[in-house]
Amino acid sequence: MPSKLTKAALALSVALGLSVSSNVAHADEHKVLKVGCEAAFAPFTYIDDKGELIGFDLDLIRAMGKVMGYDEVKITALPFDGLIPAILTDNIDLIISGFTISPERANKVDFSDPYYMCGLTFLVNKSNEDKLKKISDLDGKDICLQIGTTGALYAQKALKNANLKQFNSPPDTYLELQNGGCVAAINDRPVNDFFLKNYKGKDIVSKTITTENSEYYGIAVNKGNDELLGKINKALLEVKKSGEFKNISMKWFGRDISEDFK
Ligand code: GLN
């Protein structure tokens with residue numbers, strides 16, 4: 001008869017053996033989609049009070065990951081200007097991060113079909129509202145931007161004599177604006193709007209720079225990764241067909257954003 005101790009050891013090794021072998025089997029099949037985003041871009045990609053990565057883009061890619069047959073969608077938060085380098089070194093499979101499809105970026109990565117349309121706005125203090133109405137009014141002034149973004153690129157071209165102060169994320173630009181370190185913060189319209197909607201004060205207002213159909217967000221993959229890109233475009237169509245895209249859109253925007261463009 002085995003002693004109580006050997007019985008326990010046996011039971012333990014069986015349990016361990018089982019769990020080890022099931023882990024191995026699991027590791028073989030477990031398909032992970034590695035997603036990179038910048039996590040201070042509400043309402044698309046950001047961290048909530050509980051430390052969870054949430055947002056429209058993340059709901060969308062989680063839904064698409066399931067449709068594409070992945071067991072897990074692993075989301076890594078990176079600095080905005082670290083996203084393309086992370087793709088190029090295969091640390092992530094794709095970027096979804098309110099990421100505008102642009103000719104400059106298309107030299108380095110391939111883009112999916114667009115899923116969101118937007119433009120740029122700038123925020124100013126209410127006290128400056130009458131003086132700073134349009135983009136040209138910002139020339140020669142201190143302006144806050146997010147580094148590496150389309151807004152930053154736009155400002156470099158449009159504001160030759162401005163002092164462009166570059167920050168890592170939109171929230172940093174808002175803080176600087178509130179502290180008087182700049183007179184305007186340039187960002188994507190929905191991001192500035194989301195900030196204003198949740199902002200308790202009444203001292204900041206928004207001004208339009210470019211029309212709403214001047215930028216389109218897309219999902220970026222490594223150049224030449226046609227297999228993944230094909231799956232992404234197919235999954236995008238499927239979540240639109242199934243109504244899931246609409247549900248996610250209603251949750252974040254209160255309307256179906258796929259109706260904005262065809
Ligand atoms: N849409 C802008 C861009 O692609 C900003 C994106 C972001 O900061 N996440 O440059």
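Counting convention: from 1, in listed order, for ligands and their atoms alike. We're numbering straight along the sequence, starting at 1.
- Looking only at distances, a side-chain donor or acceptor of S97 sits under 3.5 Å from a matching main-chain atom of E38.
- Of all protein heavy atoms, the one closest to atom 9 (N) of ligand 1 is S97 O, 2.7 Å.
- A salt bridge links E129 with K207: the distance from a Lys NZ or Arg NE/NH1/NH2 to an Asp or Glu carboxylate oxygen falls below 4.0 Å.
- No donor-acceptor distance shorter than 3.5 angstrom exists from the side chain of N222 to the backbone of N225, with no hydrogens or angles considered.
- Interface of T150 with ligand 1, defined as ligand atoms under 4.0 Å from a residue heavy atom, comprises 1 (N), 2 (C), 3 (C), 10 (O).
- Under the 6.0 Å cut-off for aromatic ring centres, F261 and Y216 qualify, their centroids lying closer than that.
- Residue-ligand proximity, E38 to ligand 1, at heavy-atom distances under 4.0 Å covers atoms 7 (C), 8 (O), 9 (N).
- The atoms of ligand 1 that sit less than 4.0 Å from any heavy atom of F99 are 4 (O).
- Not a single heavy atom of F44 sits less than 4.0 Å from an atom of ligand 1.
- Within a 6.0 Å radius of NZ in K165, other residues, nucleotides and ligands contribute more than 12 heavy atoms.
- Any N or O atom pair closer than 3.5 Å counts here, and T100 shares at least one such pair with ligand 1.
- Two residues are said to be in side-chain contact when any heavy atoms from C-beta on lie closer than 4.5 Å; K202 and K126 fail this criterion.
- Looking only at heavy atoms of the protein, atom 1 (N) of ligand 1 is closest to D188 OD2, 2.6 Å.
- Only the side chain of R105 comes within contact range of ligand 1, with a heavy atom under 4.0 Å; no backbone atom does.
- For atom 6 (C) of ligand 1, the closest non-hydrogen atom on the protein side is G98 O, 3.1 Å.
- Close contacts between ligand 1 and Y217 involve ligand atoms 1 (N) [criterion: under 4.0 Å to a heavy atom].
- Using a 4.5 Å heavy-atom threshold, the side chains of Y116 and F44 count as touching.
- Ranking protein heavy atoms by distance to atom 8 (O) of ligand 1, first place goes to Q146 OE1, 2.7 Å.
- Heavy-atom contacts of T149 reach the following atoms of ligand 1: 5 (C), 8 (O), 10 (O) (cutoff under 4.0 Å).
- Under the 3.5 Å distance criterion, the side-chain polar atoms of D188 are left unmatched by any main-chain donor or acceptor of P190.
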